[in-house]
Peer 1: 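I have a structure here, written as structure tokens, and I will follow up with some questions on it.
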Amino acid sequence: MLIYAPIKLKLMRCSGSCEKVLAVATGFFWLKDDCFYLITNWHNVTGWDVISGQCLSASGAVPTHVQMPLLLKSDEFDVNNRAIRRRYSINLYDADGTPTWLEHSVFGNRVDVVALKIALLDDDLISRPINTLAEFVDFDPNIGDDVFVLGYPGGIDAGHELALWKRGSIASHPAFDVDDLPKMLIDTATRKGMSGSPVIVRQRGLIVPRSHKGKAEGLSGEELIGQADQFLGVYSGRIGDDEFGLQLGIVWKASVLDEIVAKGKVGSSPFIG
């Protein structure tokens, strides 16, 4: 089910009957206390670069809605491996102009991750919250481990709007925070359209789950031999504007997601207040 976790997002400017696509990005679902959340980046929903203090659109337009195509089971799905897609639109601002997303309660938009609470989706939805998938193993990631950024570089997909997997490796020590923020760096050639992507870390060989850490020396029988994946965090862009420069990507650690959905504050917008 991991291949269905990423969702292609269209950031829309809607005014009356006029709709304009400003950008393509990536998101995924998260489940907390029986509530569904759409996870993506702050700069996606605001259309604003918090570092440069500039609008991301050359026209100066900013998004009002996010549109997502969701894969749903059809009556023929089990027989012919087919499904249907239905497009959903989420308002980024309520009737009073207040942002509908949540952001980090301590760091605010310095953590470039937001959560949009959405209605609980039914069992016909094929894309499931990434923190409910059974594929993952809880292990300690290390420098040099392979990572995969699951998104839509340049808006391109793998067919049927499934995400592409861009490969890289962990470049900064996962146990430490970069810039005193809950983020790490990865070495990979990512591109626009992948902002908001889930990042997966992969280990091969003898894999020791965290549950064995601190126990007596030697094998416990809990080890795995082969290959294991774990959810690492949320990708939010490269360092620098040059696509062929440092090729270092920013990943916000998985821990920020529960912090945002459990005690996050109402989102901020550069155009309000």
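When a residue number appears, it is its place in the shown sequence, counting from 1.
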Peer 1: Are the side chains of Leu9 and Thr26 in touch, meaning some heavy atoms are under 4.5 Å apart?
Peer 2: no
Peer 1: For the pair Arg87 and Glu161, find out whether any cationic side-chain nitrogen is under 4.0 Å from an anionic carboxylate oxygen.
Peer 2: yes
Peer 1: Could you tell me which non-hydrogen atom of Ala61 sits nearest to which non-hydrogen atom of Cys55, and how far apart they are?
Peer 2: O-SG, 3.6 Å
Peer 1: Taking all non-hydrogen atoms of both residues, which atom of Asn44 and which atom of Ala25 are closest, and how far apart?
Peer 2: ND2-CB, 3.4 Å
Peer 1: Check whether more than 12 heavy atoms from other residues, nucleotides or ligands sit under 6.0 Å from atom CG of Leu133, and answer yes or no.
Peer 2: yes
Peer 1: Between the main-chain N or O of Gly151 and the side-chain N or O of Lys166, is there a donor-acceptor pair closer than 3.5 Å?
Peer 2: no
Peer 1: Apply side chain to side chain contact (heavy atoms under 4.5 Å, CB included) to Val261 and Asp33, showing your working.
Peer 2: CA-CA 9 Å; Val261 300; Asp33 296 332; over 6 Å; no
Peer 1: Using the test ring-ring contact (aromatic ring centres under 6.0 Å, His included), find all partners of Phe148 that sit at least two apart in sequence or belong to another chain.
Peer 2: Trp165
Peer 1: Within a strict 4.5 Å, meaning less than it, do heavy atoms of the Leu38 and Ile90 side chains meet?
Peer 2: yes
Peer 1: Are any side-chain N or O atoms of Arg13 and backbone N or O atoms of Val62, one a donor and one an acceptor, separated by less than 3.5 Å?
Peer 2: yes
Peer 1: Is Met1 reachable from Ile3 through a run of hydrophobic residues whose side-chain heavy atoms are each under 4.5 Å from the next?
Peer 2: yes
Peer 1: Just by modelled atom types, is the Gly205 backbone N or O under 3.5 Å from a matching donor or acceptor in the Gln227 side chain?
Peer 2: no
Peer 1: Heavy atoms, side chains only, cut-off 4.5 Å: are Ser195 and Ser236 in contact?
Peer 2: no
Peer 1: Whether the Gln203 and Asp145 side chains hold a donor-acceptor pair (N or O, under 3.5 Å, no angle test) is what I'd like checked.
Peer 2: yes
Peer 1: Determine, using the 4.5 Å side-chain heavy-atom cutoff (strictly less than), whether Met12 and Ile118 are members of one ILVMFWY cluster.
Peer 2: no
Peer 1: I'd like to check Leu92 versus Val66 (side-chain heavy atoms, cut-off strictly below 4.5 Å). Are they in contact?
Peer 2: yes
Peer 1: So which heavy atom on Ala189 is nearest to which on Gln247, and how close?
Peer 2: CB-OE1, 3.9 Å
Peer 1: Using only heavy-atom distances, determine whether the side chains of His43 and Asp49 contain a donor-acceptor pair under 3.5 Å.
Peer 2: no
Peer 1: How would you list, by chain and number, every residue that makes a salt bridge (Lys or Arg N to Asp or Glu O under 4.0 Å) with Arg167, sequence neighbours excluded?
Peer 2: Asp146
Peer 1: According to a 4.5 Å side-chain heavy-atom criterion applied to Ile, Leu, Val, Met, Phe, Trp and Tyr, with indirect links allowed, do Ile170 and Tyr235 form part of one hydrophobic cluster?
Peer 2: yes
Peer 1: Within this structure, what is the OG-NE2 distance for the pair Ser89 and His65, rounded to the nearest 0.5 Å?
Peer 2: 5.0 Å
Peer 1: Just by modelled atom types, is the Gly159 backbone N or O under 3.5 Å from a matching donor or acceptor in the Asp157 side chain?
Peer 2: yes
Peer 1: Salt bridge (Lys or Arg N to Asp or Glu O under 4.0 Å) with Asp258: which residues, sequence neighbours excluded?
Peer 2: none
Peer 1: Between Pro198 and Phe28, which heavy-atom pair has the shortest distance, and what is it?
Peer 2: CD-CD2, 3.6 Å
Peer 1: Would you say Thr64's side chain and Cys14's backbone share a donor-acceptor pair under 3.5 angstrom?
Peer 2: yes
Peer 1: Rounded to the nearest 0.5 Å, what separation is found between the CG atom of Leu116 and the CD1 atom of Ile39?
Peer 2: 8.0 Å
Peer 1: Roughly how far, to the nearest 0.5 Å, is CH2 of Trp48 from CG of Leu56?
Peer 2: 9.0 Å
Peer 1: Angle class for the His104/Phe107 ring planes (parallel below 30°, perpendicular above 60°, tilted otherwise)?
Peer 2: tilted
Peer 1: Which distance, rounded to the nearest 0.5 Å, do you find between the CD1 of Ile130 and the CH2 of Trp30?
Peer 2: 7.5 Å
Peer 1: Report, as yes or no, whether the 6.0 Å neighbourhood of atom NZ on Lys263 holds more than 12 heavy atoms from other residues, nucleotides or ligands.
Peer 2: no
Peer 1: Does one hydrophobic cluster hold both Val45 and Val24, with members joined at side-chain heavy-atom distances below 4.5 Å?
Peer 2: no
Peer 1: Looking only at the side chains, is there a donor atom on one of Glu259 and Ser105 sitting less than 3.5 Å from an acceptor on the other?
Peer 2: no
Peer 1: Does any non-hydrogen side-chain atom of Val113 lie less than 4.5 Å from one of Trp42?
Peer 2: no
Peer 1: Check for me, please, whether Met68 and Leu125 land in the same ILVMFWY cluster - side-chain distances under 4.5 Å, paths through other members count.
Peer 2: yes
Peer 1: Let me see the working for Tyr88 and Leu70 under side chain to side chain contact (heavy atoms under 4.5 Å, CB included), right down to the final yes or no.
Peer 2: CA-CA 7 Å; Tyr88 293 84; Leu70 297 183; 3.5 Å; yes
Peer 1: Would you mind reporting whether Asp112 and Ile250 have side-chain heavy atoms less than 4.5 Å apart?
Peer 2: no
Peer 1: Is there a side-chain contact between Phe139 and Gln230 (heavy atoms, below 4.5 Å)?
Peer 2: yes
Peer 1: Applying side chain to side chain donor-acceptor pair (under 3.5 Å), run through Ser268 and Glu103 and close with a yes or a no.
Peer 2: CA-CA 8 Å; Ser268 62; Glu103 58 190 47; 3.0 Å; yes
Peer 1: Thinking salt bridges, do Arg110 and Asp179 make one under a 4.0 Å N-O criterion?
Peer 2: no
Peer 1: Over all heavy atoms of both residues, which pair between Thr40 and Gly196 is shortest? Give the atoms and the distance, please.
Peer 2: OG1-CA, 3.9 Å
Peer 1: Using modelled atom types only, decide if a donor and an acceptor are shared between the side chain of Lys253 and the backbone of Met184 within a distance under 3.5 Å.
Peer 2: no
Peer 1: In the structure I gave you, are the side-chain heavy atoms of Lys192 and Pro153 within less than 4.5 Å of one another anywhere?
Peer 2: no
Peer 1: Considering residues, nucleotides and ligands other than Arg204, do more than 12 of their heavy atoms fall under 6.0 Å from its CZ?
Peer 2: yes
Peer 1: Just wondering, are more than 12 heavy atoms of other shown residues or ligands nearer than 6.0 Å to CG in Asp94?
Peer 2: yes
Peer 1: Take Lys183 and Asp177 through the test salt bridge (charged side-chain N to carboxylate O under 4.0 Å, His left out) and record every step on the way to the result.
Peer 2: CA-CA 6 Å; Lys183 69 180 181 181; Asp177 293 340; over 6 Å; no
Peer 1: Over 60° means perpendicular and under 30° means parallel, so tell me whether Phe136 and Phe231 are parallel, tilted or perpendicular.
Peer 2: tilted
Peer 1: Could you pull out the closest heavy-atom pair between Phe29 and Ser127, with the gap in Å?
Peer 2: CD1-O, 4.0 Å
